[in-house]
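From a predicted model like this one, the values you see are computed outputs, not experimental measurements. All chains are named by letter (A, B, ...) in the order of the sequence lines, taking the proteins before the strands, and each is independently numbered beginning at 1.
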2 protein chains.
Amino acid sequence: MNSPRRTTIYDVAREAGVAASTVSRALNNPRRVNPVTRDHVVAVAERLGYRPDPLATALQSGHKATIAMLVPDITNPHFFGTIRGAEKRASEAGLTFILANTEESADNERNQIERLSRSVDGFVLAASRLREDTTRELAREYNLALVNRQVEGLPGAVVDNGSGSRQIIEHLASLGHRSVVYLSGPHRSWTASQRWRALRAAAERHGMTARRLGPFPPKVDGGGAAADAALAAEATALVAHNDLLAIGVLRRLTERGIPVPGRVSVVGYDDIFGADLCVPALTTVAGPQEEAGRAAVELLIRKGSLSRSQPAPQQVVLPSHLVIRDSTGPAA
Amino acid sequence: MNSPRRTTIYDVAREAGVAASTVSRALNNPRRVNPVTRDHVVAVAERLGYRPDPLATALQSGHKATIAMLVPDITNPHFFGTIRGAEKRASEAGLTFILANTEESADNERNQIERLSRSVDGFVLAASRLREDTTRELAREYNLALVNRQVEGLPGAVVDNGSGSRQIIEHLASLGHRSVVYLSGPHRSWTASQRWRALRAAAERHGMTARRLGPFPPKVDGGGAAADAALAAEATALVAHNDLLAIGVLRRLTERGIPVPGRVSVVGYDDIFGADLCVPALTTVAGPQEEAGRAAVELLIRKGSLSRSQPAPQQVVLPSHLVIRDSTGPAA
DNA sequence: GTGAAAGCGCTAACAT
DNA sequence: ATGTTAGCGCTTTCAC
């Protein structure tokens with residue numbers, strides 16, 4: 001803030017009877033300075049309540065000690081876990097954590113990156129809406145790590161929806177379902193296409209038919225249209241792009257008096273808070289979202305501190321698993 | 001980032017054939033420079049892809065264009081609305097938004113404030129755990145706005161739980177309840193004591209007895225102990241500190257086979273996502289949390305841009321209201 | 001081991 | 001209306 005005037009490195013220097021550069025060294029490279037002077041300087045700094053100014057440090061050294069996380073929609077509970085994990089890891093590493101909403105817009109996302117680029121050491125892009133080539137291009141200039149989006153050559157952490165999707169199909173198959181409808185999410189969403197691909201492949205292996213409907217807005221409100229469309233398609237098993245949509249579907253089905261899982265089974269993804277509260281409790285694919293957020297920050301940190309000869313950026317894949325609750329049952 | 005080298009104001013100055021200060025003026029005080037030169041400078045800046053460095057600007061001018069929001073527990077859905085509102089308003093105002101978790105610790109909160117103070121123009125403290133005198137002391141040095149916490153003389157926005165609490169009591173009274181138990185939240189929580197005070201006062205007016213139990217951790221997990229304690233106290237109406245706790249209570253009651261609202265009624269606060277999904281759907285006090293977050297940022301912005309002769313800092317009070325669902329019914 | 005000096009990119013007097 | 005100059009607070013050569 002603009003308070004009276006903060007203690008600077010010069011105040012400490014004067015008080016300690018040394019040069020400013022010595023103060024800087026004593027505080028940052030303790031081993032490069034005589035233990036006696038070091039202790040003295042540190043003591044004086046302490047006494048004067050000296051706090052380095054991160055801005056001045058950053059301007060000079062380029063090290064901002066700050067990362068930014070960009071999220072398509074802060075509203076969506078799905079991201080809370082990821083945000084939490086990222087914030088925690090950043091905090092542990094002494095990094096300041098900037099959070100920004102991109103409102104599901106690739107342009108917005110790109111602008112935010114450019115706007116913040118001078119202020120941060122790197123970005124965690126959660127469920128990025130950027131095109132793959134744009135992402136690669138930006139990654140040449142900026143330090144990026146992705147969450148729940150894979151782009152070859154870029155570091156990132158994803159929750160593997162493939163395993164979850166396969167488990168869904170196996171579960172449904174074992175209940176006697178012969179066909180499944182996927183109620184899809186946003187076009188640009190990598191996760192969405194990922195889920196659908198795995199679902200379709202697994203369905204094929206099990207001799208089930210799989211169709212895709214939508215896209216629907218991945219929110220509770222989107223559930224009305226999604227449920228109606230699915231019903232018109234005469235499906236016995238509905239897999240929604242995420243829990244929000246699934247919950248909306250559940251609601252609409254209840255409204256229309258369709259028994260779940262009596263007549264149709266419903267499955268979601270994410271296992272958000274509330275998935276086990278709704279009625280019937282939602283069968284859904286749970287993944288370690290918090291862990292993914294944490295891992296992405298981790299990769300960003302490691303990447304930044306590496307020498308030129310960096311090994312190939314790492315991709316972390318975390319397993320998901322199906323949580324079976326009450327919204328799935330034997331085929332009608 | 002540390003990319004090759006970014007375009008600076010000097011590059012633009014050279015290319016445009018003017019002094020650096022003119023570039024600065026052309027970009028920041030357009031009216032103080034000849035329209036012709038201004039346009040030229042702007043065009044060159046554009047062509048060169050010039051982006052001002054926020055750090056350098058901040059270091060020189062003291063204007064950081066950044067605010068930080070401190071939250072006791074990012075995990076808690078209660079804060080999502082507040083965070084969202086604050087982030088939105090900050091974003092609209094072109095401010096960078098820093099989010100930090102204080103882990104329910106006053107010390108941590110204070111440290112964060114000190115750590116970030118040089119990097120931001122001000123702080124939004126959500127449900128601050130700081131003592132009142134500490135808060136006042138800090139407010140002398142830093143720019144603070146509070147959310148859901150009132151400290152005289154400090155700007156802030158609160159959701160008025162008083163009105164909601166009164167509505168709870170009226171509702172319960174009209175259902176024939178004669179006594180109510182409040183399952184309290186964290187000790188340090190201003191909101192918690194606020195709620196209890198209003199509840200007790202309203203109960204008194206209605207000739208109801210009110211008791212307080214706890215404190216319980218304001219999470220779903222806290223509900224087990226809270227429900228058991230309430231049952232032992234033979235209450236017919238339970239008011240939980242927040243929805244998380246209320247949901248936990250509901251769960252425990254179901255486990256124990258206690259009919260809700262047949263034998264006891266349950267009420268929460270916050271109307272979080274999920275409150276209408278649980279069974280029975282939770283009667284709860286809803287408040288415009290998002291609006292509160294937004295208002296706090298608004299106050300921070302206004303405060304910063306005011307002249308010395310500031311009017312008394314504003315306190316915004318937003319009304320809450322009771323949402324009646326299925327967890328409350330006639331007294332047994 | 002320590003000091004002097006330059007400069008990160010920008011803004012804000014002060015001159016002209 | 002524009003240019004010159006002096007820093008903001010820090011780190012980092014480069015000398016000594």
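- Between B:Ala19 and A:Leu59, the residue whose closest nucleotide on DNA chain D is further toward the 5' end is B:Ala19.
- At a threshold of 4.0 angstrom between heavy atoms, the contacts of A:Arg38 with the nucleic acid are absent.
- Taking for each of B:Ala20 and A:Tyr50 the nucleotide of DNA chain D with the nearest heavy atom, the 5'-most of the two is the partner of B:Ala20.
- Rounded to a whole Å, the CZ atom of A:Arg32 is 15 Å from the C1' atom of C:dG3.
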Should A:Glu103 and A:Arg129 be marked as a salt bridge (Lys or Arg N to Asp or Glu O under 4.0 Å) after you check the CA-CA gap, both sets of side-chain angles, and the distance that decides it?
CA-CA 10 Å; A:Glu103 290 165 339; A:Arg129 298 299 189 242; over 6 Å; no
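- Residue A:Asn34 is the one, among B:Ser24 and A:Asn34, whose nearest nucleotide of DNA chain C lies closer to the 5' end (criterion: closest heavy atom).
- Regarding B:Leu55, its CG atom lies at a distance of 11 Å from the C1' atom of C:dC10, rounded to whole Å.
- Across the protein-nucleic acid pair, A:Lys64 atom NZ and C:dG9 atom P stand 10 Å apart, rounded to whole Å.
- Spacing between atom OH of A:Tyr10 and atom P of C:dA5 amounts to 11 Å, rounded to whole angstrom units.
- Side-chain N or O atoms of A:Thr66 include one that pairs as donor or acceptor with a backbone N or O of A:Lys64 at under 3.5 Å.
- Note: CD (B:Gln60) to P (C:dT11) measures 8 Å, nearest angstrom.
- The CD1-C1' distance, from A:Ile9 to C:dT2, rounds to 14 Å in whole Å.
- Straight-line distance from the NE2 atom of B:His63 to the P atom of C:dA12: 11 Å, rounded to whole Å.
- On the nucleic acid side, DNA chain D has its first and last nucleotide under 4.0 Å of a heavy atom of chain B at D:dA1 to D:dG9, going 5' to 3'.
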Check the pair A:Val159 / A:Gln289 against side chain to side chain contact (heavy atoms under 4.5 Å, CB included), numbers first and verdict last.
CA-CA 7 Å; A:Val159 171; A:Gln289 302 299 344; 3.6 Å; yes
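- Within the nucleic acid shown, A:Ser21 comes within 4.0 Å of at least one base atom, counting heavy atoms only.
- For B:Ser61, no side-chain nitrogen or oxygen approaches OP1 or OP2 of C:dC10 to under 4.0 Å.
- In terms of modelled atom types and a separation under 3.5 Å, the side chain of B:Asp11 and the main chain of B:Thr8 share a donor-acceptor contact.
- Distance, B:Asn28 CG to C:dA12 C1': 11 Å, rounded to whole Å.
- Checking each of A:Val41, A:Val42, A:Val44, A:Thr7 against A:Tyr50 for a side-chain contact (heavy atoms from CB on, under 4.5 Å) leaves exactly one that passes, namely A:Thr7.
- Looking at A:Ser91, its side chain never comes within 3.5 Å of a backbone N or O of A:Glu87 through a donor-acceptor pair.
- With 3.5 Å as the limit, one finds no donor-acceptor pair spanning the side chains of B:Arg51 and A:Ser117.
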